*Asks:* 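This is the structure, below, for whatever I ask next.
Here the structure is a predicted model, which is why all the values come from computation and not from measurement. All chains are named by letter (A, B, ...) in the order of the sequence lines, taking the proteins before the strands, and each is independently numbered beginning at 1.
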Amino acid sequence: MKQRVSVLLKAQFERDVVLEKPKDRSFGHYATPIAFSLAKELRKSPMVIADELASSFGNHAMFSAVEATKGYINFRLSEAFMDEYATWALENETLFGHAEREGRILLEFVSANPTGPLHIGHARGAVYGDTLLRLGRRLGYDITAEYYVNDAGNQIDLLGLSLQLEGQHSVLNMEVEWPEKYYRGEYMTILAEEALSAFGSDILTNPDRQKELALWAKDKVMELIVSDLGDANIHFDTFVSEASLYDDWDRVMKKLGDGVFDSEGKLWLRSTEYGDEKDRVVVREDGRPTYLAGDIVYHNRKFEQGFDHYINIWGADHHGYIARVKAAARFLGYDAEKLEILLSQMVSLLKDGEPYKMSKRAGNVILMSDIVEEIGADALRFIFASKKSDTALEFDVETLKKQDNSNPVYYVNYAHARIMTMLSKSVLETETIMASELKALHADADALLFEALLLPEVIEDAFSSRQVQKLPDYLKSLAARLHKFYYDHRIIGTKDEAKLLKLMLMVALSIRTGLSLMGITAKDRMVADEK
RNA sequence: GCGCCCGUGGCUCAACUGGAUAGAGUAUCGGACUUCGGAUCCGACGGUUAUAGGUUCGAAUCCUAUCGGGCGCACCA
């Protein structure tokens, strides 16, 4: 909708036009401050320019009014235009918000180590990534969701060791000496028991079988992770194993060319050349590759697949890592601009205003699965998508359990359910409702219709700015308008029933579509939990 | 010490990326049910946008400095 207005204005004014929504809707639906930027050039006051531009506009079917106010030019969309757009949307639900964007994007996110179940920090990155994925796909991009599995390196050795010790300690009741760092938690006990029944006790006691145990365990842990993600409606297209990449190492190293050099018996990446603080070790003295080596081969693999754009979502604690990976991309001969790295910041949970207790059982972390169980996947997704990903988030789980308007998921769902209830109570046929025209609406209905039609531009804005919180913000505001409208105006049994129900259908469509882009299924009925 | 992120009513967050009177929820106080779901709605209270300068028609947003907080500064991932 904004797109169409923008194109029209660009043609009319023969230049790019900034289009915004007036703070006060009584001014109109859209506005442009173009007169301010022309003022200097034309040596005239913005007021005069705005007046001239507005009056030169003439009549256009898309607008019912074009007016200049205090230097702004305000546009009011015509009812005919909005009715036509709404009718199209209702008849083409799956196309509503679609923008025919082209381009193949590789989106890598979560990529948590296969050494334990997902915690709450992973969950934020997961929700952020999956929401971006859904938004981008809606716009038409061809996006592959990828998970990089770090199944090589020290942490896998440590997984094998930890699991043996756990087995000796809690399954075989042996005395063990714990190292300084090891993996722990309920899942380790369960894995140890499983290992015992699958392979016998030797697997838990024989140091020579640690590696074998580790490789078995990381697959098990991955199953756990995939299941946790699935519970939140998050699914990946591809999983890339770090261990499987090293066969390619020699070839990729040659490709790095001058980007690497030998010193002190080690191989270094000359990352300072591209702004990194220091050069980084890629292969240690003993010949073992560092984590960076894997990431270089992995990113080479990404680029060789020829996507148009690459997005990585990393925990904010990895921000220092960005420079070296981008440097590697350039040494490999690729455009580092195509590699976009987004950060997802820390999460801290509260419960009744107090810090959420990390359970010993879980291994002193807050598990994603525990929170999903406590507040539900919908609430988790909604709240995690509600704040800019690159700033720290703090929220209280108790708020998300309430069933009133302090809980945004409830509030938005209730708006949808209200509409569904109205429709079921009306005697009108769908055809009658759809055949009615959205015209001669009062101001509240007009405002609600316009709000409902904004979803496509919210999707566009949220995806292109990578700020997914714009979607939940919009849904809360649309739901609020709906609730108020419902309170102020009766619909069933009035002479305007058909067209107002068509308006309701449009609002419901935007809510349902918006929620689905956050991986949440809109509710048709609200059922109170039994206490 | 260096780098990245951040600082907006008591609390949790917005503000169309430089635009009109800085908006929601929560908390507190006060209202609205013979009507489609009151799981809702309305009103009041609450702000020098951390501080100080600067840039311009215009700044919460951009620049500089200071203060405060988080994260990082591995041959760990």
*Asks:* Students often mix this up, so state it plainly: with edges at 30° and 60°, are the rings of A:Y291 and A:Y148 parallel, tilted or perpendicular?
*Replies:*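 Judged by the thresholds at 30° and 60°, the geometry between A:Y291 and A:Y148 is tilted.
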*Asks:* Quick one: look up who B:A44 pairs with, Watson-Crick or G-U, both distances under 3.5 Å, and put none if it's unpaired.
*Replies:*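 Here B:A44 is engaged in a pair, and the nucleotide opposite it is B:U28.
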*Asks:* Can you tell me the distance, in whole Å, between the CZ atom of A:R324 and the C1' atom of B:C4?
*Replies:*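 Taking atom C1' of B:C4 as the reference, CZ of A:R324 is at 13 Å.
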*Asks:* For A:W178 and A:Y182, take the angle between the two ring planes, folded into 0 to 90°, and tell me which bin it lands in: parallel under 30, tilted 30 to 60, perpendicular over 60.
*Replies:*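 Geometry flag for A:Y182 against A:W178: parallel rings.
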*Asks:* Provide the distance between the two P atoms, one in B:U61 and one in B:U51, to the nearest whole Å.
*Replies:*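 After rounding to an integer number of Å, I get 11 Å for this pair.
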*Asks:* Under 4.0 Å between any heavy atoms, over every strand shown, what does A:T290 touch: base, sugar-phosphate, or nothing? Just pick one.
*Replies:*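 Touches sugar-phosphate only.
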*Asks:* Using the P atoms only, state how far B:U66 lies from B:C11, rounded to an integer number of Å.
*Replies:*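 These two P atoms come out 27 Å apart once rounded.
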*Asks:* For the C1' atoms, the ones on B:U28 and on B:G46, what distance do you get once it is rounded to whole angstrom?
*Replies:*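 Taking atom C1' in both B:U28 and B:G46, they lie 10 Å apart.
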*Asks:* Can you check the distance between B:G10 and B:A50, where both ends of the measurement are the P atom (answer in whole Å)?
*Replies:*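 Straight-line distance between the two P atoms is 13 Å.
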*Asks:* Ignoring hydrogens and geometry beyond distance, is the side chain of A:H319 in donor-acceptor contact with the base of B:C71 at under 3.5 Å?
*Replies:*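 Between B:C71 and A:H319, which were checked side chain against base, a qualifying N/O pair under 3.5 Å is present.
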*Asks:* Can you check the A:M346 CE to B:C5 P distance for me, whole Å?
*Replies:*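 So the CE-P distance, A:M346 to B:C5, works out to 14 Å.
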*Asks:* How close or far is atom P of B:U40 from atom CG of A:L478, stated in whole angstroms?
*Replies:*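 That distance rounds to 16 Å.
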*Asks:* When the distance from CD1 of A:I49 to P of B:C57 is rounded to whole Å, what number comes out?
*Replies:*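 My rounded result for the distance is 13 Å.
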*Asks:* Test A:E374 against A:K351 for salt bridge (charged side-chain N to carboxylate O under 4.0 Å, His left out), laying out the working first.
*Replies:* CA-CA 11 Å; A:E374 186 161 0; A:K351 191 180 177 100; 2.4 Å; yes
*Asks:* Around atom CE of A:M222, are there more than 12 heavy atoms from other residues, nucleotides or ligands closer than 6.0 Å?
*Replies:*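 Result for CE/A:M222: enclosed.
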*Asks:* Base, sugar-phosphate, or nothing for A:Y291, non-hydrogen atoms under 4.0 angstrom?
*Replies:*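 The answer is base, as A:Y291 lies within the cut-off (heavy atoms under 4.0 Å) of a base atom.
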*Asks:* Using the side-chain heavy atoms of A:E277, tell me which of these nucleotides is nearest: B:A77, B:C73, B:C36.
*Replies:*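 From the listed options, B:C73 comes nearest.
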*Asks:* Reckon A:R490 touches a base, only the sugar-phosphate, or nothing at all at heavy-atom distances under 4.0 Å?
*Replies:*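 Base contact.
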*Asks:* When the distance from NZ of A:K278 to P of B:C73 is rounded to whole Å, what number comes out?
*Replies:*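 Roughly 9 Å, once rounded to whole Å.
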*Asks:* Going by an N to O cut-off under 4.0 Å, is there a salt bridge joining A:D157 and A:K211?
*Replies:*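 Salt bridge between A:D157 and A:K211, a charged N being under 4.0 Å from a carboxylate O: yes.
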*Asks:* Give me the distance, rounded to whole Å, that separates B:U26 from B:A65 when you measure between the C1' atoms they each carry.
*Replies:*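 Those two atoms are separated by 36 Å.
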*Asks:* Is the count of non-hydrogen atoms from other residues, nucleotides or ligands lying under 6.0 Å from A:K181 atom NZ greater than 12?
*Replies:*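 Check fails, neighbour count at 12 or below.
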*Asks:* Thinking salt bridges, do A:E460 and A:R101 make one under a 4.0 Å N-O criterion?
*Replies:*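 The answer is yes: the pair qualifies as a salt bridge.
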*Asks:* Which class fits the ring pair A:F485 and A:H442: parallel under 30°, tilted 30 to 60°, perpendicular over 60°?
*Replies:*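 If you compare the ring of A:F485 with that of A:H442, the planes turn out parallel.
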*Asks:* Using the C1' atom in both, what is the distance from B:U40 to B:U49, to the nearest Å?
*Replies:*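 Between the two C1' atoms, the distance is 32 Å.
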*Asks:* Going by purine N1 to pyrimidine N3 plus the second Watson-Crick contact, or the G-U wobble pair, all under 3.5 Å, which nucleotide sits opposite B:U49?
*Replies:*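 Check on B:U49: unpaired, no WC or wobble geometry under 3.5 Å.
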*Asks:* Give none if B:C33 has no partner; otherwise give the nucleotide forming a Watson-Crick or G-U wobble pair with it, both distances under 3.5 Å.
*Replies:*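 Here B:C33 is not engaged in any pair, so there is no nucleotide opposite it.
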*Asks:* For B:G38, give its Watson-Crick or G-U wobble partner with both distances under 3.5 Å, or none.
*Replies:*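 Per the H-bond distance test, none.
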*Asks:* Scan every strand shown for a Watson-Crick or G-U wobble partner of B:U56, both distances under 3.5 Å, and answer none if you come up empty.
*Replies:*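 Partner of B:U56: none found under 3.5 Å.
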*Asks:* Is it the case that A:K302 and A:N312 place a side-chain donor and acceptor less than 3.5 Å from each other?
*Replies:*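 There is such a pair (donor and acceptor under 3.5 Å, judged by atom type) between the side chains of A:K302 and A:N312.
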*Asks:* What is the pairing partner of B:G18, taking Watson-Crick or G-U wobble pairs with both distances under 3.5 Å in any strand?
*Replies:*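 Result: none.
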*Asks:* Judged by modelled atom types alone, do A:R418 and A:Y414 share a side-chain donor-acceptor pair under 3.5 Å?
*Replies:*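 Present: a donor and an acceptor within the cut-off.
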*Asks:* Classify every nucleotide of nucleotides 17-30 of chain B by which part a protein heavy atom approaches to under 4.0 Å, writing B for the base, S for the sugar-phosphate alone and - for neither, in 5'-to-3' order.
*Replies:* B-BB----SS----
*Asks:* Can you tell me the distance, in whole Å, between the CG atom of A:D295 and the P atom of B:A77?
*Replies:*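 Whole-Å distance recorded here is 11 Å.
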*Asks:* Quote, to the nearest angstrom, the C1' distance that separates B:G47 from B:G23.
*Replies:*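 Taking atom C1' in both B:G47 and B:G23, they lie 12 Å apart.
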*Asks:* If you find the nucleotide of RNA chain B closest to A:V281 and the one closest to A:L393, which residue's nucleotide is nearer the 5' end?
*Replies:*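 By nearest-heavy-atom nucleotide position, the 5'-most residue is A:L393.
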*Asks:* Without decimals, in angstroms, what is the distance between A:K181 NZ and B:A74 C1'?
*Replies:*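 Answer to the nearest Å: 12 Å.
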*Asks:* Would you kindly give the CG-to-P distance between A:D317 and B:G72, to the nearest whole Å?
*Replies:*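 Computing the A:D317:CG to B:G72:P distance gives 6 Å.
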*Asks:* Which base sits across from B:G3 as a Watson-Crick or G-U pair, both distances under 3.5 Å?
*Replies:*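 Across all strands, the one nucleotide that pairs with B:G3 is B:C71.
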*Asks:* Using the P atoms only, state how far B:U12 lies from B:G69, rounded to an integer number of Å.
*Replies:*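 One P to the other, the span is 16 Å.
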*Asks:* Between B:C4 and A:Q345, is there an OP1 or OP2 to side-chain N/O distance shorter than 4.0 Å?
*Replies:*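 A:Q345 to B:C4 OP1/OP2: no side-chain N or O under 4.0 Å.
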*Asks:* For B:U17, does the O4'-C1'-N9-C4 or O4'-C1'-N1-C2 angle fall within 90° of 0, making it syn, or is it anti?
*Replies:*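 Syn, which is what one calls it when the glycosidic angle falls within 90° of 0.
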*Asks:* May I ask you to verify whether the side chain of A:Y487 and the base of B:A32 hold a donor-acceptor pair under 3.5 Å?
*Replies:*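 Flag set: donor-acceptor pair detected.
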